[in-house]
Amino acid sequence: MSFVINCIIPLFILLIIIVGLKEKLDIFKLFVEGCLEGGKTVYKIFPFILAITILVGLLKSTNTLEILLIPLRPLLTLFGIPDDIIPLMIMRPLSGGASTSLIMDIFKNGGPDSISGKMASIIMGATETTLYSITVLFGAVGIKKIRGVLIAGLIADAAAIITAIILVNIGVI
């Protein structure tokens with residue numbers, strides 16, 4: 001099986017070359033044009049990625065998240081949400097890298113089988129980096145009206161987070 005998997009990409013490249021030769025296309029020229037187009041896309045996307053990366057770094061390094069959580073802690077404790085899950089709930093829509101860093105801290109401190117570890121695992125698997133994805137993808141193609149997509153994405157993330165909290169607290173997972 002691993003032999004077949006290792007052969008898929010080379011066979012796909014060979015298929016592209018064969019079809020290109022059959023159609024009498026300049027394969028190398030098309031490849032270079034594709035690379036140029038990819039470079040243009042990276043050029044368009046880079047400012048958005050840089051802005052989000054700086055924002056996430058500032059939030060983490062200045063402990064702003066911890067300060068924002070102080071008034072929310074009593075309410076969240078009432079619903080059975082551990083303190084270490086709250087930063088993950090806030091950061092997940094912003095950044096996959098920061099979320100991964102937070103979940104690794106949760107696993108290191110409480111373990112993956114702890115209540116926090118289980119909630120964090122469900123949250124990571126069931127949510128998306130909504131703001132990051134919308135910023136990068138819509139920014140790359142120049143779409144300005146994102147309100148509907150943003151609302152739908154954040155509602156889906158909130159539903160996944162609430163479901164994770166309920167499932168872990170009632171003991172299903």
inquiry  = Can you confirm whether more than 12 heavy atoms, excluding those of L50, are under 6.0 Å from its CG atom?
reply    = yes
request  = Indicate, with yes or no, if I123 and I166 share a hydrophobic cluster defined by side-chain heavy-atom contacts under 4.5 Å among Ile, Leu, Val, Met, Phe, Trp and Tyr.
outcome  = yes
remark   = Nearest heavy-atom contact between L154 and T130 is N-CG2, 4.1 Å
task = Could you check if a side-chain atom of L150 sits within less than 4.5 angstrom of a side-chain atom of L131, using non-hydrogen atoms only?
result = yes
task = Determine the minimum heavy-atom distance between L76 and I86, stating which atoms define it.
result = CD1-CD1, 3.1 Å
inquiry  = Return the CD1 to CD1 distance between I13 and I18, rounded to the nearest 0.5 Å.
reply    = 12.0 Å
inquiry  = I'd like to check I151 versus I155 (side-chain heavy atoms, cut-off strictly below 4.5 Å). Are they in contact?
reply    = yes
inquiry  = Tell me every residue that passes side chain to side chain donor-acceptor pair (under 3.5 Å) with N169, counting only those two or more places apart in sequence or in another chain.
reply    = none
remark   = Heavy-atom nearest pair, S99 first then L88, reads O-CD1, 3.7 Å
ask   = Can you tell if the side chain of L167 reaches within under 4.5 Å of the side chain of M119, non-hydrogen atoms only?
value = no
message = Using the rule that Ile, Leu, Val, Met, Phe, Trp and Tyr join whenever any side-chain heavy atoms are under 4.5 Å apart, tell me whether I27 and I9 fall into a single cluster.
response = yes
ask   = In Å and rounded to the nearest 0.5 Å, what is the CZ to NZ distance from R147 to K145?
value = 9.5 Å
ask   = With a 4.5 Å limit on heavy-atom distance, are the side chains of D157 and R92 in contact?
value = no
query = Applying the 4.5 Å side-chain criterion to the ILVMFWY set and letting contacts propagate, would I161 and L75 be lumped into a single cluster?
reply = yes
request  = Supply the members, apart from I16, of the Ile/Leu/Val/Met/Phe/Trp/Tyr cluster built from side-chain contacts under 4.5 Å; use none for a lone residue.
outcome  = F12
request  = Rounded to the nearest 0.5 Å, what's the gap from CG on L102 to CE on M124? Could you check?
outcome  = 8.5 Å
Hphob cluster co-occupancy, V42 + F138, side-chain heavy atoms under 4.5 angstrom = no
request  = Indicate the atoms forming the closest heavy-atom contact of F79 with I165, along with that distance.
outcome  = O-CG2, 3.9 Å
Side-chain donor or acceptor of S95 paired with backbone N/O of A98 under 3.5 Å = yes
message = Please determine whether residues I17 and L11 belong to a single hydrophobic cluster, defined as Ile, Leu, Val, Met, Phe, Trp and Tyr linked transitively by side-chain heavy-atom distances below 4.5 Å.
response = no
inquiry  = Are the side chains of L30 and L25 in contact, using a 4.5 Å heavy-atom criterion?
reply    = yes
inquiry  = Does any part of the side chain of I122, heavy atoms only, come nearer than 4.5 Å to the side chain of T163, both counted from C-beta?
reply    = no
inquiry  = For the CD1 atom of I106 and the OG atom of S114, what is their distance to the nearest 0.5 Å?
reply    = 8.0 Å
inquiry  = Is it the case that atom CD1 in I103 sees more than 12 heavy atoms from other parts of the structure closer than 6.0 Å?
reply    = yes
inquiry  = Are the side chains of I115 and P82 in contact, using a 4.5 Å heavy-atom criterion?
reply    = yes
task = Answer yes or no: is there a side-chain heavy-atom contact under 4.5 Å between S121 and F107?
result = yes
inquiry  = T129 vs L94, test: side chain to side chain contact (heavy atoms under 4.5 Å, CB included). Steps then yes/no.
reply    = CA-CA 6 Å; T129 53; L94 291 173; over 6 Å; no
remark   = For I85 and S116, the nearest pair of non-hydrogen atoms, with its separation, is CD1-O, 3.2 Å
ask   = How does the hydrophobic cluster around I70 look, that is, which other residues are in it when side-chain heavy atoms under 4.5 Å mark a link?
value = none
inquiry  = Is it the case that the side chain of T41 and the backbone of E37 share a donor-acceptor pair, with hydrogens and angles ignored and the cut-off at 3.5 Å?
reply    = yes
key: Atom pair NZ/CG of K40 and L36 - distance to nearest 0.5 Å   = 4.5 Å
